[in-house]
Amino acid sequence: MKQVARCAGVKESTFLSYVDARGRIPPADVAVRIANSLGVSVEYLVTGADTHEAEAENFYRKYKRYEDILRAFDKVPESLYNPAKTSVLMTLYGYTYSDCKT
């Protein structure tokens with residue numbers, strides 16, 4: 001508690017008033033400093049949930065059906081990534097290599 005209070009730049013007694021039964025709510029700037037000192041978001045301090053985790057979970061659910069494609073892409077050597085990406089995008093947009101020849 002002392003270390004978090006010190007890192008957040010508040011007195012220990014003030015910090016304790018935020019976490020004990022009194023449940024005082026710190027000003028926004030102090031909440032940000034406390035969250036930063038703990039390595040979490042302010043949202044996590046307030047709700048126990050982290051937006052980034054929720055966003056990642058939603059992203060995963062939305063794109064789970066593409067998991068096999070993404071895993072295959074993850075195995076593409078760096079030197080071939082851009083050509084492979086271009087080919088896939090061209091396929092998705094309905095282009096063929098012959099359409100691009102001049």
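We use all heavy atoms of the structure for the numbers below, so side chains are in, but hydrogens, waters and symmetry mates are not.
- Listed by chain and residue number, Glu43, Ala49 satisfy the side chain to side chain contact (heavy atoms under 4.5 Å, CB included) test with Thr47 (two or more places apart in sequence, or in another chain).
- When side chains are defined from C-beta on, Val4 counts as touching Phe15, because their heavy atoms get closer than 4.5 Å.
- Residues Tyr66 and Leu92 are members of one and the same hydrophobic cluster, defined by side-chain heavy-atom contacts under 4.5 angstrom among Ile, Leu, Val, Met, Phe, Trp and Tyr.
- Counted within 6.0 Å of CZ on Arg65, heavy atoms from surrounding residues, nucleotides or ligands total 12 or fewer; the atom is thus considered open.
- Criterion: ILVMFWY side-chain heavy atoms under 4.5 Å apart, direct or through other members. Under it, Val42 and Tyr18 are not part of a common hydrophobic cluster.
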Hey, can you pull the donor-acceptor pairs under 3.5 Å for the side chains in residues 26-39, sequence neighbours left out?
from: Asp29; atom 1: OD2; to: Arg33; atom 2: NH1; distance (Å): 3.3
from: Arg33; atom 1: NE; to: Ala8; atom 2: O; distance (Å): 2.5
from: Arg33; atom 1: NH2; to: Ala8; atom 2: O; distance (Å): 3.2
from: Asn36; atom 1: ND2; to: Val32; atom 2: O; distance (Å): 3.3
from: Ser37; atom 1: OG; to: Arg33; atom 2: O; distance (Å): 3.4
from: Ser37; atom 1: OG; to: Ile34; atom 2: O; distance (Å): 2.7

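- Both Phe59 and Ile69 are members of a single hydrophobic cluster when ILVMFWY side chains are connected at heavy-atom separations under 4.5 Å.
- The salt bridge (Lys or Arg N to Asp or Glu O under 4.0 Å) analysis of residues 4-16, with sequence neighbours excluded, yields no pairs.
- Under a hydrophobic-cluster definition in which Ile, Leu, Val, Met, Phe, Trp and Tyr are linked whenever side-chain heavy atoms come within less than 4.5 Å, directly or via other members, Val40 and Val10 are assigned to the same cluster.
- A donor-acceptor distance shorter than 3.5 angstrom exists from the side chain of Ser87 to the backbone of Pro83, with no hydrogens or angles considered.
- The number of heavy-atom neighbours closer than 6.0 Å to OH of Tyr63, taken from other residues, nucleotides and ligands shown, is 12 or below.
- With sequence neighbours excluded, no residue forms a side chain to side chain contact (heavy atoms under 4.5 Å, CB included) with Asp68.
- Heavy atoms from other residues, nucleotides or ligands lying under 6.0 Å from CD of Glu67 number more than 12.
- Residue pairs meeting the salt bridge (Lys or Arg N to Asp or Glu O under 4.0 Å) criterion with at least one partner in residues 76-94, sequence neighbours excluded, are absent.
- Every residue two or more places apart in sequence or in another chain that forms a salt bridge (Lys or Arg N to Asp or Glu O under 4.0 Å) with Asp20 is listed here: Arg22.
- Residues Met1 and Ile25 are members of separate hydrophobic clusters, defined by side-chain heavy-atom contacts under 4.5 angstrom among Ile, Leu, Val, Met, Phe, Trp and Tyr.
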